[in-house]
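Just below is one structure, and these are the notes that go with it.
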Amino acid sequence: MMKKIQEAVAYIRSQIAADPEVGVVLGSGLGSFTNEISVEKEIPYEDIPHFPVSTVKGHSGKLIYGELSGKKIVAMAGRFHYYEGYTPQEVVFPVRVMKFLGVKTLLLSNAAGATNRTFKVGDLMIITDHISFLTPNPLIGKNHEELGTRFPDMTEPYRKDLIKKADVIAAAAGYDIKHGVYISVTGPTFETKAEYRVVLALGADVVGMSTVQEVIAAVHMGMSVFAISVVTDLGIRDEENIITHEEVLAAARNAEPKLTHIFKELVAQL
Ligand code: HPA
């Protein structure tokens with residue numbers, strides 16, 4: 001494992017000028033944040049030793065390296081999902097590589113379905129906490145002490161100081177930003193009506209198919225994490241409409257400028 005990480009890190013370092021301090025993982029339909037970066041290098045995933053390769057529509061599959069607000073940043077345009085058939089360890093591999101590249105703060109975004117009845121399509125929700133136990137934990141198996149401890153604390157996976165900063169940024173921009181709990185599911189099916197009710201009963205405000213495994217790996221390694229969900233559909237709803245991937249992508253794209261603004265300002269304040 002460490003050898004694979006080191007080989008990936010060595011390759012990426014051979015392509016870039018200086019180590020990045022900020023890492024970004026972008027969700028479905030949310031890739032245009034990378035337009036804000038003054039790009040110095042784009043590295044296709046297939047060129048990086050041991051990197052999985054992305055297969056989902058809306059995920060372009062490259063590592064983008066450059067500068068934003070005076071900081072070196074590395075962004076994943078396209079992430080790996082458990083439902084694609086990758087193991088949880090493969091899903092989190094790029095986050096581990098980011099850590100060993102020097103990344104201290106990880107920002108993540110995702111598209112999610114809301115079960116909180118007060119949420120609307122297009123809302124942004126800062127993730128304050130998560131529920132991981134419907135998806136396999138990426139730390140199952142031998143613990144690599146070089147990465148972190150066997151039993152990592154998870155009382156504050158999403159850093160309160162970053163949440164506070166984002167709240168101020170959002171308020172200054174006039175955004176009505178939500179806070180809430182994200183629950184991860186494996187997908188690729190969207191939930192049945194009964195499953196959305198279970199999600200709600202378990203205490204989650206939104207549900208999605210990503211993020212949590214990456215956050216667990218990041219917290220294991222001591223990274224500071226901040227994450228935002230974009231509400232792309234409503235799980236608990238009165239009308240009988242169905243949810244499609246196209247609708248999720250369209251809703252994500254509409255909300256994207258707000259998300260981009262928050263990430264950009266947050267990076268400036270790190
Ligand atoms: N459920 C799970 N994942 C999702 C959803 C959803 O409703 N919307 C976007 N990703």
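Indexing begins at 1, ligand by ligand and atom by atom, following the structure's order. Computed from a prediction, not measured in an experiment: that's the story for all the values here.
Side-chain atoms of T115 do not come within 3.5 Å of backbone N or O of V199 as any donor-acceptor pair. Without hydrogens or angle criteria, Q213 side chain to N137 main chain gives no donor-acceptor distance under 3.5 Å. Y45 contributes a side-chain N or O that, together with a main-chain N or O of G78, makes up a donor-acceptor pair within less than 3.5 Å.
Given atom 3 (N) of ligand 1, the protein heavy atom at minimum distance is G208 CA, 3.4 Å. Nearest protein neighbour of atom 8 (N) of ligand 1, counting heavy atoms only, is D233 OD1, 2.7 Å. Among all non-hydrogen protein atoms, the one lying nearest atom 4 (C) of ligand 1 is V207 O, 3.7 Å. The shortest contact between atom 10 (N) of ligand 1 and any protein heavy atom is with A111 O, 3.4 Å. Ranking protein heavy atoms by distance to atom 2 (C) of ligand 1, first place goes to E191 OE1, 3.2 Å.
Ion pairing of K71 with E67 is absent here, as no side-chain N (NZ or NE/NH1/NH2) approaches a carboxylate O to less than 4.0 Å. Salt-bridge formation is not detected for the pair K104/E21: no Lys NZ or Arg NE/NH1/NH2 atom is positioned less than 4.0 Å from an Asp or Glu carboxylate oxygen.
Under the 6.0 Å cut-off for aromatic ring centres, F190 and Y196 do not qualify, their centroids lying 6.0 Å or more apart.
In summary, the atoms of ligand 1 found under 4.0 Å from a heavy atom of M209, numbered by their order in the structure, are 2 (C), 3 (N). Residue contact check: T232 has heavy atoms under 4.0 Å from atoms 8 (N), 9 (C) of ligand 1. Taking a cut-off of under 4.0 Å to the non-hydrogen atoms of Y196, the atoms of ligand 1 that pass are 1 (N), 6 (C), 7 (O).
Using a 4.0 Å cutoff on heavy atoms, G235 does not count as a contact of ligand 1.
The N/O atoms of G113, backbone and side chain alike, include one that comes under 3.5 Å of an N/O atom in ligand 1.
No hydrogens or angles considered: nothing links the side chains of H179 and D205 as a donor-acceptor pair under 3.5 Å.
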